[in-house]
Every structure is written in structure tokens, then in C-alpha cells.
Engineer: 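Right, I'll just put the structure down here and ask away after.
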Amino acid sequence: MASVSGKRMIPGLRNAGTANAFAAVENELMVKVLLIEDDSETAEEITAELADRGFDVEWSANGIEGLDKARALRPDAMIVDRLLPGMDGLTIIEALRKDQMRTPVLVLSALGAVDDRVRGLRMGGDDYLTKPFAVVELIARIEALLRRPTESRETTLRVGPLELDLIERTAKRGDRVIDLLPREFRLLEYMMQRSDQLLTRAMLLEEVWNYKFVPATNLVDVHMGRLRHKVDGPDEAPMIHNVRGAGFILRAAP
Amino acid sequence: MALPAALSKRDPGSGNSMRQPQFIRSNTFHWALAVAGVFAVFVTVLFGFIYWQIDDYLTARSDAVITAQMDGIAGLSPDRRRDAMDERLREDPRGVQISAIFAADGHRLTGNIESLPPLLRIDAPAQSTDIIRIDRNGREHQVIRAVARRMRNGDVLVLGRNVDEAGEISHVVGQALGLGLLPGFFLCLLAGAWLSVRAQKRVEEVNQRVQRIIAGDLRERLPHRTVDEPFSRLAVIVNGMLDEMETMIHALAGVGNDIAHDLRTPLTRARLSLERGRTNARTLEQLQAVADKAITGIDQSLTIITALLRLAEIENSRRSAGFGSVALDEMLREVCDIYEPIAENKKVGLHVRVTHRLMVRGDRDLLLEAVANLVDNAIKFTPEGGRVDIELLRGDSETIVRVADTGCGISEHERDAVLRRFYRSDKMRHTPGVGLGLSLVAAIVKLHGFRLAISSGSGCRVEIICPDREDGKKGPLARLTKAGQAAGS
């Protein structure tokens, strides 16, 4: 269910134009994703899910073959399992980085150990996902990797009627000034940099609050509830959307 | 036995050793053999030394005697000298005495030496010399100790003594050697063999018990005697370890049961809803609702597994490499900041009291997790209108993080239990949670070498006590720098 609703709500395919990846989709130049995963069932599920979302998925079950494919195909993003026959996932990433290939890589692993995660990221992985994971989470992270906000010198973020002044630390929706606490400001800033993108709870915890674990209480929902209360006034069209079982999206257009 | 047999087939030389009794191959026996060898060498050297000492002593004594006799005889008149010499020979039943007088031209006047020994220095102290002794039985070559002196009339007086007695002594010594050394040597070997056999027996006994333990009989223990000997002490130590392990295994089995139970509940729900949905669902919406329910159940199970793995990871972790300086004051404010809306929603007052900048050495992420867990718990178990206080205190050479609430508290007998995995107080049965939170905190605290203290104030009070590290300079556990910034909530 979660994945179904997530699929429907992923904005990129319809609201293209905000990021290159999705412009590419519209131009019939599909975004290429290379999946290196030795478990064929998992691979099938992921491939099907990504294909549904308009990605061109290439699958490789073996580390060495995977590395060859990565060099030949030059994919836009890669999903690499940590433990692979032939060649370890981290070794592949290391080899690619040596070749000056900057392709964003999402590392998958059944090893949840914190050290392992740190190692995965240090070796050049861009994000790390521990098995078992929800498909929505995987898709959201891949899209986030494909649409990483570019370094900008803009001091004002704008999404639809929403305006965030990073210097003055003020927020406005149209003419209405929104009074934000520092933590709310940080959350809104993160969301505005990634508007029209599904942000999962785990992503928000990691990126906004620097939480490396999932707390017992549903922290994200409470914080998001507060922020939404301030951003979306009683008679305004909602901008912050809750995707059931998946996460949240800040949308420019209602 | 399959392996040694195979070895002996490959190497015919080792076949012999296979037929030797077990004790001969044992290390104990080899040691005994070595000790016996050293003993034999030592005894031989000792006897040699004694022989040499005795020989030396006897020679010196006989030298003194013949010199004294020479002095006596030399003082007599020439005629009396001859009588004295003859007298000396007559009074020597063992035939060890040698005496002779040679005229100035070298021919023998009287005595039992054939001729004046050419190498005998005259007027010198007693010395060893070769002579030909003559008597009724004929001529005989001998080595003697002798002294020669030239008299005023030109005669040369020779007095000597056969020291071949030393040979006899060496014979006696040899006999003593044989009689003393050989039994000693064999006694050594015998003792070695006995000790070896005894050790072998005990090892075999232990081996049998250990095999039984391996086979699963966890109550089996190693045999030991009440005597204070190394083997028994070792057995007692191993038994202690076995006791500990048995307790641990039982505890683990208990945890296993808990896990199974906690996993079964959500999985059963998931299964039930899937089963019912499969038969009853008529529309897509109904089916989706069923799938949603099932996913929730499975997610709950996964949450439990993740928490358990994480707990195991932290408990097994020996790393402190990732440790750095963590500013507790900042961290507490952060936690408070994150949990404030949650507390507010529940109408619980959340306050942080931090007056100093305090640093500890540790893993920031883990410590944050620990404190967040405590605060999470505190808010969860505090009824509406209550309050939760987060405090950072400085005690004598320790830094204390205190989370106090006005909730139901933890009763005395439950305090150890709450740290156990899956423990949930009866009062909290209805509160959602995995029941691993406090065990996780305990594991993190232990990893850092801190202490966890649970006491009751108006509700429950949990403290993480971070003692200062002794090596004051490097990574001071708590560096007190008055920041003078009192923090509100």
C-alpha cells in the first residue's frame, strides 16, 4: 500500500522542469539507473518499481560485471548492494571514484552497523539504506540523489508563494509573515530546497535533526504538524502534503 | 585416532612412536627425562670434584709426611741414616714406602729404587717422579711422590711414597657413583612416568566431562580435589566460567522466548488480517486496507529486530576510536528542542537546566540516542500536567545528566528489571513501545564507561553519571568552563 500511494504521489514525473532528471524523462531520454544486487527477487522488485516510475533500469547480479556495466553505460545513478559475489560493493564505488565517475550511489546493506554505514559513505557512497527497507524509502532516496540541490548563492528561497530569507531568517507566504522558531525554520529551509520531492521521515531525521536512529515517538509528524499549521493558513491551499506511510512533500502548486 | 593413523601410514618413522606407551610420548615424561639427565650430569660432576679434592688432600698430606721424615733422617749421622732407611722400609707392610741412598757417583748404597731418577730435582720440594722399584718380588715401574736431598758427604737421600691409593679411591668413588646415581636416575624416570600417567588420566577425565558439556549437558562440571594444586585450581576456575556461561545461556534462552513472543504478536495480527482479507475483501479499497494492516504488523516486527540488532551491536562494540569530545550542554538543549513540541502536545512541561559548558568523551550520536530515549520515556510515562526536567549537573569529579519526571516512577524491585530487554512494567502494559529503550540506554552508557542510576523523586529520576577520566589532560571527561550562560527551556 505504502509503495502504491508513494508512486502516485511522487511528483517528479508530472511536475517536471524543477530538475534535470525529470526534464530528461519528459524528453523521452529516460534516467538510467544501474542496480547491482545479487538477490534476484529483491532486484526484480526494485527494477519493477523503478520502471513504473519511468526509470530505465539495468540490473547486474555480480560485482565485476556490475563495475563493467557502470563504466560502459555511465548511468545517472546507481544502487549497489554492499555484499556481492565477485566484488564487494564498496570496492566498486572506490574503483568508480578513482575513474573520476561522480555518479551518485545509494549503498544497500543488510549490515546495519553504524561503523559499516560510516565506511560506506566514506568510500564514496552518497547515501546508505539498511535492509529491509520500504520501497518508497528507496525511491525517495534515489530521487533525492538525482536532484541534489545545487550550491547556490541565493539568499532567498522561493517555492510558489512561499519565501524564505536566509539572511534575515524570516519567512513569508504571500504578504503574510510567518513567525518560525529556529527549528521550524531549519525544517522549512530543507524542504524548500527539495520542493516537489518526497522526503521520508528517516531522511528528515538524518538531515534536519542529525538523528542516526529512529526514535520511539513519531517526532517528525509532530514537528511537521506544527510547521504545517504555520505555513498553511486556514483558508490557504495546503503546500505541505502528507504522503501516507511514506513522508512529506512541499509543493509549489496546490 | 583417524588422523594419527593416517600420519603413521605416510611416515613409517612415526609408526614406532605409535606403539610406545602413551606416557612416554607425554610432555611430562620428557621433562622428567630431561631432569634425570641433568641430575646425572650434576652428580657426575660432583663426584669428580670430590675425587679431585680427596686426591689433592692425600697428596699434600703424604708430601708433608715425607718432607718431615726427610728432615728427621737428614739430621742423623750417615750410619744411622742407613739404619733409619732400612727401618722405614721394614715398617711398611703395604709396600708404599720408597727410600734409597745413592752415593755421589750415582750408585745405590741402599733402598728400593733401582737408580736415581734422572728427572728428580734434588733439594726441591716433594714432586711426582717415575721410578723403578725393586724388592723381593722384582722390578716394578711406579709413579710416586718423592723428595731428594744431597747430604754433606755427597750422598743423595731419596724418600718417597706411592700415591697409587688415589686409584683405589677413584674406584670407591666410582662404586658410590654407580650405587647412588643409577637408582636416582631411575627414580627420576619412574616419577616422571608416574606423573605423566597421572596427568594423562586427569586430562582424559576432563576430556570426558568436556565432551559431555559439548554434547549439551550444561550442568556438567570438571572434577577437582580439595587440595590446593594447580590442576584443581584450574578446574575451579573453569567451573566458575561454566557457571557464568550456564546462567548466560539460560538468560539468552529467556530473551529468545521474549523475542519470539514479541515478534509473534504483530506477525499473528498481520497473518490474520491477510487471511481474512484474502477471503473477505471484495473491493480494491478493502484489499488495500488489509495490506496496510499487514504492513503495519510486519513493520512492528522489523522495528523490534532492528532495535535488537542495534542493541547487540552496541553491546558487542569495543570501539572507542570514534569517540570525540561531546558538548553535553548543547546536546541536552538539542534534545529539549526536538522534544518540546511532543511534550507540549501532551501538556507536559519540558525544561532543561544547563548552567555550565560540560564536555565528555564519547560518541555523540549514541549519547544523543541515549538521552533522547530517556526523555522520550519520561514524556511517555508522565501524565498530563506533569513536568519533565533535563539537568546537567557537576558532582565531585563526575558529570551527571539527569532526566526527572513526575510520572508513575519505577518501584524499587523493578529497577533492575527495567534495564532488561523487553521488560515492561505492568503499569505500562497499555503504553505502546518495544520495551528495549532502557536496555539500549544501559548498553550505550556501559560502552562509554558511565553509570546509570535510577531513583525516585516525585516520579522517576534517571541519571547518567559520567565519571571524570583519570588522565586529566587527554580528553578530560568533564571540562568545566564557565560559560555563564544559564539556559532556559
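As a basis for the values below, the full set of heavy atoms in this structure was taken, side chains included, without hydrogen atoms, waters or symmetry mates. A, B, ... follow the sequence lines: proteins, then strands. Residue 1 opens every chain. Worth saying up front: this structure is predicted, and the values here are computed from it rather than measured.
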Engineer: Could you check if a side-chain atom of B/Ile338 sits within less than 4.5 angstrom of a side-chain atom of A/Tyr211, using non-hydrogen atoms only?
Structural biologist: yes
Engineer: Within a reach of under 6.0 Å around CZ of B/Arg276, are more than 12 heavy atoms found that belong to other residues, nucleotides or ligands?
Structural biologist: no
Engineer: Begin with the C-alpha distance, continue with both residues' side-chain angles, and end with the deciding distance and a verdict on side chain to side chain contact (heavy atoms under 4.5 Å, CB included) for B/Asp292 and A/Arg244.
Structural biologist: CA-CA 10 Å; B/Asp292 271 353; A/Arg244 243 187 102 214; 3.2 Å; yes
Engineer: Within a reach of under 6.0 Å around CD of A/Glu45, are more than 12 heavy atoms found that belong to other residues, nucleotides or ligands?
Structural biologist: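 Atom CD in A/Glu45 is not packed in, count stays at 12 or less.
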Engineer: Starting at CZ of A/Arg226, measure out to CG of B/Asn345 and round the result to the nearest 0.5 Å.
Structural biologist: 5.0 Å
Engineer: CG/A/Asn210 to CZ/B/Arg364 distance, rounded to the nearest 0.5 angstrom?
Structural biologist: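 It comes to 4.5 Å.
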Engineer: Atom NZ of residue position B/Lys293 - does it have more than 12 heavy atoms of other residues, nucleotides or ligands inside 6.0 Å?
Structural biologist: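 Atom NZ in B/Lys293 is not packed in, count stays at 12 or less.
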Engineer: Examine distances only and state if a side-chain atom of A/His223 and a backbone atom of B/Pro341 form a donor-acceptor pair shorter than 3.5 Å.
Structural biologist: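 Not at all, since once roles are kept as given, no pair shorter than 3.5 Å links the two residues.
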Engineer: Using non-hydrogen atoms and a 4.5 Å limit, figure out which bit of A/Asp221 sits close to chain B: side chain, backbone, both or neither.
Structural biologist: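 Looking at A/Asp221, nothing touches chain B.
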Engineer: Roughly how far apart are A/Phe133 CZ and B/Leu302 CG, rounded to 0.5 Å?
Structural biologist: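 The CZ atom of A/Phe133 sits 12.0 Å away from the CG atom of B/Leu302.
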Engineer: Atom CG of residue position B/Asn280 - does it have more than 12 heavy atoms of other residues, nucleotides or ligands inside 6.0 Å?
Structural biologist: yes
